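Note sheet for the following structure.
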Amino acid sequence: MSWQFEAIGRVESPYKEKFAIPRQPGLAAHAKGRVVLLPPYDVADAVRGLEGFSHIWLSFIFHATAEQGWRPTVRPPKLGGNARVGVFATRSTFRPNPIGLSVVRLLGVDIRKGVALEIEGMDLLDGTPIIDIKPYLPFVDSQPGASMGFAPEPVAFLQVMFHPQAEPALQAASCRYPDLVGLIRDVLAQDPRPGYADDPERVYGMQLYDLNIRWRCVAGVAEVLAVEQTQA
Ligand code: SAM
């Protein structure tokens, strides 16, 4: 049995590369972006009534990793990257059908020119193709008593600080991106380092918007060293 789907929309996100994107939605409340619907789905009728919902489900394609295929077992970061579990016991991007599912806050529905949904808290790469949108229904979708297997609730791991030398560029960039400081804090608090590698000498780079954020981690503190404009 096979079906063919096409994208009904495309995500505009501050996350321009996979590195440092939170592993699930809702972990970085300052991540704001849009889902822009594509023709012929970009009509106001298709979203009539959606503005009454605070959250929506986005079904999407893991387009940046889809070509890498899948394996029956994967090594989730939650288990330190060592133990293997079945792909269907995880939210791994490497799936037989590379489909992801994220619940995000819906801030608004803009129908002035085509249709754009203003969203917050996504875990999605810029350009992610959306294949479906549904309203989140707390009375069925929220299961407060659910058990979480090997994936307990995430905690914010790192404290986040800004080196004084990064401040001028940070302030200048914040004029263009008012959520920038909050977004950097949200993302670094989750400790995006691979396998929690602990090398205080290592300086990491992560791309948010059109900025390269350079940071290091020493004794549980992520320190932002520089905020640089990326080349166009
Ligand atoms: N919430 C979704 C789910 O459960 O299906 C996604 C979970 S997946 C573990 C989240 C990770 O997917 C992010 O940290 C990012 O590295 C990666 N990701 C986000 N958008 C992607 C895309 N379009 N293609 C490939 N990987 C993507």
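Computed from a prediction, not measured in an experiment: that's the story for all the values here. Order of appearance sets the numbers: ligands from 1, and atoms from 1 within every ligand.
- Aromatic ring orientation, Phe19 versus Tyr204: parallel (interplanar angle below 30°, classes split at 30° and 60°).
- At a heavy-atom cutoff of 4.0 Å, ligand 1 is contacted by the side chain of Thr93 but not by its backbone.
- Of the polar atoms of Pro25, none of the N or O atoms is found under 3.5 Å from an N or O of ligand 1, judged by distance alone.
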Report all side-chain donor-acceptor pairs from residues 116-129 shorter than 3.5 Å, counting only partners two or more places apart or in another chain.
| residue | atom | partner | partner atom | Å |
| --- | --- | --- | --- | --- |
| Asp123 | OD1 | Ser102 | OG | 2.7 |
| Asp123 | OD2 | Ser102 | OG | 3.4 |
| Asp126 | OD1 | Ser13 | N | 2.9 |
| Asp126 | OD2 | Lys16 | NZ | 3.4 |
| Thr128 | OG1 | Leu125 | N | 3.4 |
| Thr128 | OG1 | Leu125 | O | 2.6 |

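- Counting heavy atoms under 4.0 Å from ligand 1, residue Ala66 does not touch it at all.
- Nearest protein heavy-atom contact of atom 8 (S) of ligand 1 is Arg91 O, 3.6 Å.
- If you check which protein heavy atom lies closest to atom 27 (C) of ligand 1, you get Phe62 CD2, 3.7 Å.
- In summary, the atoms of ligand 1 found under 4.0 Å from a heavy atom of Ala64, numbered by their order in the structure, are 24 (N), 25 (C).
- Counting heavy atoms closer than 4.0 Å to ligand 1, residue Ile61 contributes backbone atoms (N, CA, C, O) but none from C-beta onward.
- At the top of the distance list for atom 6 (C) of ligand 1, counting protein heavy atoms only, stands Asp123 OD2, 3.4 Å.
- Of the protein's non-hydrogen atoms, Leu101 O, 3.2 Å is the one closest to atom 2 (C) of ligand 1.
- Within the 4.5 Å cutoff, the side chain of Tyr41 has heavy atoms near those of the Glu6 side chain.
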